[in-house]
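A, B, ... follow the sequence lines: proteins, then strands. Residue 1 opens every chain.
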Amino acid sequence: MGVEFTDTEFMICNAARLLEDYKTIFVGWGIPQVVAILAEKLYTPNIVQVFEFGSVGHQSRTPFLRGTMGGPTNTYRAIQWCSMNLAFSYAAAGYIDYGVLGAAQIDRYGNINSTMIGDDYNKPKVRFPGSGGGNEVASFCWKTIFVMAHEKRRFVERCDFITSPGHKMDGKTREEVGLARNSGPYRLITSKAMFDFDEETKELRLIGVLKGLTIEEVIDDMGFEPLVADDVVELEPPTQEELKLLREDIDPYGLIISKGAKFKVEI
Amino acid sequence: MGVEFTDTEFMICNAARLLEDYKTIFVGWGIPQVVAILAEKLYTPNIVQVFEFGSVGHQSRTPFLRGTMGGPTNTYRAIQWCSMNLAFSYAAAGYIDYGVLGAAQIDRYGNINSTMIGDDYNKPKVRFPGSGGGNEVASFCWKTIFVMAHEKRRFVERCDFITSPGHKMDGKTREEVGLARNSGPYRLITSKAMFDFDEETKELRLIGVLKGLTIEEVIDDMGFEPLVADDVVELEPPTQEELKLLREDIDPYGLIISKGAKFKVEI
Amino acid sequence: MDFIEIIERGEAEIHYIHPDDFREYVRDKKNREMKDKLMDEREAVKKFVSNGDYLAYDFSSLTRGPQSLIREIIRQRKKNLWVCAKFTLLETVLLSGAGCVDKIDVGFLGFGPYIARKVQNGEVKVYDWSNGSITYRLVAGAMGIPFIAARNLLGTDTLKHSGAVVVRCPFSNTPTALMPALNPDVAIIHVQEADIYGNARVYGPTVATLETAMASKKVIISAERIVETIEFRKNPLMTTLPYYLVDAVVHAPFGAYPGGTQGYYEMDSEHYLMLTSIADDNAMQKYLEEYVYSVDNHEEFLAKIGMDKLKQLIRKAEILEGYR
Amino acid sequence: MDFIEIIERGEAEIHYIHPDDFREYVRDKKNREMKDKLMDEREAVKKFVSNGDYLAYDFSSLTRGPQSLIREIIRQRKKNLWVCAKFTLLETVLLSGAGCVDKIDVGFLGFGPYIARKVQNGEVKVYDWSNGSITYRLVAGAMGIPFIAARNLLGTDTLKHSGAVVVRCPFSNTPTALMPALNPDVAIIHVQEADIYGNARVYGPTVATLETAMASKKVIISAERIVETIEFRKNPLMTTLPYYLVDAVVHAPFGAYPGGTQGYYEMDSEHYLMLTSIADDNAMQKYLEEYVYSVDNHEEFLAKIGMDKLKQLIRKAEILEGYR
């Protein structure tokens, strides 16, 4: 018997499983929203979502409507509607536990790039949207979870542009540059694997691979060699329950979950 | 025929006559509130009151209730209830035209003391409430009007303690210490006289005396000699209309207006 | 080296917590779980007010002040408090009269000769700020930033006796005051409506309710009325405090007495005049004995005031517009 | 000399006004009179948007964005704008496609390949900030302070390419970013309710509506509905903008179309997809010709969209809770 799923479905389900109940989570646009909704429905019913434009503790309705992040369904029955300044202030003052962010590139210390590709800032090869609220999420939240497609070119020794901070930036620690102590990247979830950051060296460390893949296959698809944990676990593919919720309830139009390559895993 | 009135009534009426319609005014507790209400009823019906604790454009009910500045009658039908931070921000960003403040001492540059009397800060001879929001009013509003009983000891060469800034502090101009350009003290209204500040030297300048008093009598009751304008005017005592409003409508219990010495002026 | 000139430094001792330390307190002690925090004044003060704490409160003894909590702090004879006296009136006087206070950060130290004498005698130490600068400090504390720039206090003795620092702004070249963030140990706040988790709604001017709660390590709120959580979710713009800022919720009808609470009751001017007429320690101790020490709790205090009086005060609060 | 160390300086050109200059503008040009400011998009943009202006807007083309005003700016072929692109999506793309924009302060430069190419080709100059840092800059501009301290951007290339300055905090000794105040020349904001004087009410998350309006020299608001002033006075806590911040009030039902406005209508996903699929100048100019240049005003634009479509979008907006 097998289960078929997309890259995105895999990342969403694994991110959702990581969250803790009774915690606050800073939720970005798109994938992170679906992560939060899935977590709320299956695993962490009392998680408190925060949107940067000023919504705290809403209970997003489904189906998820990508376009209307600020609209009535996504911010339904919030505990508080407020300003962006206040939403970021909650995070800056330490009230927000988790952040969930996407990335175009990541380096071994969890710095991420969502700004541009190329070596000339003024003539980028590719230009992305920039930080948005990503810099604040990565700077302020206690534990930031990154979600990124597993592609060799995305794992780089030094981001073409560090949009949002990881654990060490060009040799300097977070504390040295003035960032909040003990905050920062917590996990990276890719379409093939999961990483944490070594407690000592703060380097990316492989801790899980998608069931059916080998550690070597995962590392082969990376632009640098990560640390590898002693006990790399098998990451379960999305469960039937997760997929049913995602496909029938949360994102029936496949606005988010249909993206990425398709996998099939025997279970 | 004569009119009898208190120090306070005189100051209130003269301050109310000074205001302009269609302007914003930062209103302190007590006397300034009565000034604003009287002005609104008689002279400047469209003046916009601001209270520091967060009320903008309220239409205070009468009778005036001293004790309940934040209460329903004083903040009735405001345009906006907000935070203290926002109320001060309006002033700091230049949106507030007038301020009205009391003072215990004043010097020739319009610095005022509402903190303490004595030469040892740690062992004051007399201790007052301190700045309250007075420092912000005097720092931020475009034109600050002071109201003070006319007593020799209150006019000093150097305030025992400069609580709120005038035009020059120990030889330094407002701009030199970083205060907003072209803001500051506008008028001093005492129980006997009115002063402005010389455009060049920024010194206190007598521009009006209560009808029936001489310039000399006024200056004799001051701790220093002010500049004197070429054309010192006679200040009219409170009119029957003003007194009737104050005594019958605004402050029938005499909470504010009964304070101070009683005057009688022939009219 | 590239630098910014420091033009002046205020000399006051300041209550200051590194923003990282405050963050870690928030992470570890501020619960993001919606749990029932309902308790009475006694339990709340016992649990969350310690001797030596830096104490902040919002609004005044005239309006929506946390008076039942102030009385409980006195009743429990807390000591060595450092009080943030911004836009407050009799609270600080009573706390000082009861010997609870060592230091006061002054915005407005109202009023009466009683507290003035305490300062003159050196029984309490004061540091002069202003309502604005203390508010800015709380704003910085709430924003998780180490200080905030401001253009008040400049040129004054208030600044010299405060803890502000004046620097030359690297953008405008203008001397600018830096106000250090203020993160009180404990805040006590009275509100009109709260749920049992601490979501709270203030009607009328909000002073610094939100900033004070966000910036404070421990937060006790008292509420005229306990409401269901759904009331907040139906109108999220009206939420003043989200629950995760709050440690204890006290149901305290007439909690602001002898002050008023908008939409509920007016202040008791007679009781208030009695308070403002206290001029010496004799009178103060007599008042405290009669109205604080000798009554067991807020309900007993209200019984002493009497239903006739309370009914009169409710009767006077006829204006509901804007408070519902 | 006593000093604070400057650790790093971002290299971006910044739009910066000395706070004293902004204050004087406010004193002289922001009218404290309650006067009728009702006008249509054409008049408002003609009067208050100039070539070369620094332009800010609040919220996005998805929700409560000021789209009828954006289209009017394009229609009047304004030039050389410097755009504050915080939490915005297609507005900046359309303005750039129409050749109105020289420079963009980037919070979020969404989205699509079209705008990316403009940047890559150097047709528009970008400065990278973040949504938070731009918001903080507006907060500082609104507070009348020359800068605000913050703990974001630190350690990143975003900081290097921004205009922030990093100093060592004199209180905590921690490296701290200073964000220069931002005072835009003009802000355009869509709201649910306004009176003819400019008092305005936003329902739902408020992003930086108030800070943007306070910080901006000229403010145009468009409103789904014009209401009587008494509506604000009856519930003063719900006032988002007091009238004296506002220069022009445009009555613009469906003013956020193709985005939605909470409590009124949902976004038009089809029209939106059409917009996001614009990949080259051909397609862009065709869109602009059809939906902007060739229609005279917002009402004609809506006629082109058609009542059937509008009715569908109203139909979809069934959730009113919290928006009334």
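- Shown here is Glu270(C), whose CD atom has no more than 12 heavy atoms of other residues, nucleotides or ligands within 6.0 Å.
- Residue with the most contacts toward chain C among Lys168(B), Glu175(B), Lys125(B): Lys125(B) (heavy-atom pairs, distance under 4.5 Å).
- A 4.5 Å side-chain heavy-atom check between Ile117(B) and Arg153(B) finds every atom pair outside the cut-off.
- Within 6.0 Å of CG in Asp119(B) there are 12 or fewer heavy atoms belonging to other residues, nucleotides or ligands.
- Here Cys82(B) is the residue among Cys82(B), Pro165(B), Ser164(B), Gly133(B) with the most heavy-atom pairs under 4.5 Å with chain C.
- With chain C as the partner, the residue from Ala138(B), Gly118(B), Gly132(B), Ser139(B) showing the most heavy-atom pairs under 4.5 Å is Gly132(B).
- The greatest number of non-hydrogen atom pairs below 4.5 Å with chain B, out of Val207(C), Ile134(C), Thr206(C), is found for Val207(C).
- Ring geometry for Phe88(B) against Phe26(B) counts as parallel: the plane angle stays under 30°, on a 0 to 90° scale with 60° as the upper cut.
- When heavy atoms are compared at a cutoff of 4.5 Å, Thr174(C) approaches chain B solely by way of its side chain, counted from C-beta outward.
- In this pair, Tyr98(B) and Tyr186(B) present their aromatic rings perpendicular. The plane angle is above 60°, beyond the 30 to 60° band.
- Of the atoms belonging to Val126(C), heavy atoms from both backbone and side chain fall under 4.5 Å from chain B.
- Chain B forms the most heavy-atom pairs under 4.5 Å with one residue out of Gln262(C), Glu8(C), Arg117(C), Lys125(C), and that residue is Gln262(C).
- Comparing Leu210(C), Val139(C), Leu153(C) by heavy-atom pairs within less than 4.5 Å of chain B, the highest count is held by Leu153(C).
- Note on Met169(B), Glu136(B), Arg174(B), Lys172(B): by heavy-atom pairs under 4.5 Å with chain C, the leading option is Glu136(B).
- Most heavy-atom pairs under 4.5 Å with chain B, from the set Asp128(C), Val119(C), Val106(C): that is Asp128(C).
- Aromatic ring centres of Tyr257(C) and Tyr265(C): separated by at least 6.0 Å.
- For Arg324(C) and Tyr264(C), the positive end sits near the middle of the six-membered ring, less than 6.0 Å away and at most 45° from its axis.
- When heavy atoms are compared at a cutoff of 4.5 Å, Glu211(C) approaches chain B solely by way of its side chain, counted from C-beta outward.
- Few gaps surround NZ on Lys309(C); more than 12 heavy atoms of other groups in view lie less than 6.0 Å from it.
- By number of non-hydrogen pairs under 4.5 angstrom with chain B, the leading residue of Gly322(C), Gly260(C), Ala85(C), Gly122(C) is Gly322(C).
- Side-chain atoms of Tyr109(B) and Thr173(B) form no donor-acceptor pair, as typed in the model, at a separation below 3.5 Å.
- By number of non-hydrogen pairs under 4.5 angstrom with chain C, the leading residue of Asp170(B), Thr163(B), Val177(B), Ile162(B) is Ile162(B).
- Of the atoms belonging to Tyr127(C), it is backbone heavy atoms, and not side-chain ones, that fall under 4.5 Å from chain B.
- When Ile7(C), Val202(C), Thr158(C) are compared by the number of non-hydrogen pairs under 4.5 Å with chain B, Thr158(C) comes out ahead.
- Contact annotation for Phe161(B): both backbone and side-chain heavy atoms come within less than 4.5 Å of a heavy atom of chain C.
- Residues Arg158(B) and Asp157(C) are paired through a salt bridge, judged by an N-O separation under 4.0 Å between the basic side chain and the carboxylate.
- With a 4.5 angstrom heavy-atom cutoff, Thr176(C) does not touch chain B via any of its atoms.
- For Asp58(C), no part lies under 4.5 angstrom from a heavy atom of chain B.
- Taking the ring axis of Tyr76(B) as reference, the NZ or CZ atom of Arg61(B) stays within 45° of it and closer than 6.0 Å to the ring centre.
- Options Met116(B), Gln80(B), Lys123(B) differ in how many heavy-atom pairs under 4.5 Å they form with chain C, and the most are formed by Lys123(B).
- A 4.5 Å side-chain heavy-atom check between Met284(C) and Leu94(C) finds at least one atom pair inside the cut-off.
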